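Data first, discussion second: the structure below is written as structure tokens.
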Amino acid sequence: LIVVLNVELRQDGEVLKVELANESKSRYNSDTFFRAAAESAIRAVRLASPLKNLPPEKYQTWREMEMRFNPRDMLF
């Protein structure tokens, strides 16, 4: 149930685009549990915008990133 997102950011950390990575797109239409997790992950990224404390001098490094959401990592 790992959701992989591709995220594109502006220089101020605002999310320009967030979408499912290719490896997650195939499961989105066929698995309702995965779809719910994917929509939650996308919503979380949008709500976190703008991302803070990103070093402006390294913008080319973090401008596009892949984020992986694994529910197991969220257990305490």
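Side chains are part of it too, since the values below use all heavy atoms of this structure and drop only hydrogens, waters and symmetry mates. Keep in mind it's a predicted model, so treat the numbers as computed, not measured.
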* For Gly13 against Ser49, the heavy-atom pair lying closest together -> O-OG, 4.3 Å
* Shortest non-hydrogen contact from Asp12 to Pro50? ->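 The answer is O-CB, 3.8 Å.
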* ILVMFWY cluster, Phe34 and Val18 together (side-chain gap under 4.5 Å) -> yes
* Tyr28 and Ile42: same hydrophobic cluster, using ILVMFWY side-chain contacts below 4.5 Å? -> yes
* Asked: What pairs of residues pass the side chain to side chain donor-acceptor pair (under 3.5 Å) test when at least one of them lies in residues 52-63, not counting sequence neighbours?
  ->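 Not a single pair qualifies under side chain to side chain donor-acceptor pair (under 3.5 Å).
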I want to check something: taking the side chain as every heavy atom from C-beta on, are [X] and [Y] in contact at a cut-off of under 4.5 Å?
| X | Y | value |
| --- | --- | --- |
| Asn70 | Leu1 | no |
| Val45 | Phe69 | yes |
| Val7 | Glu64 | no |

* Listed once per pair and sorted, the salt bridge (Lys or Arg N to Asp or Glu O under 4.0 Å) pairs that draw on residues 16-26, sequence neighbours left out -> Glu8-Lys17, Glu23-Arg68
* **Selection residues 27-37 - residue pairs positive for salt bridge (Lys or Arg N to Asp or Glu O under 4.0 Å), sequence neighbours left out** => Arg27-Asp31
* Give the intermediate values and the outcome of side chain to side chain contact (heavy atoms under 4.5 Å, CB included) for residues Leu9 and Leu54. => CA-CA 10 Å; Leu9 303 166; Leu54 297 169; 4.0 Å; yes
* Structure fact -> Rounded to the nearest 0.5 angstrom, the CG-CG distance for Asn29 and Leu20 is 9.5 Å
* Structure fact -> Taken to the nearest 0.5 Å, the spacing of Met65 CE from Asn6 CG works out to 11.0 Å
* Are the side chain of Ser24 and the backbone N or O of Val3 linked by a donor-acceptor pair below 3.5 Å? ->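 No, Ser24 side chain to Val3 backbone: no donor-acceptor pair under 3.5 Å.
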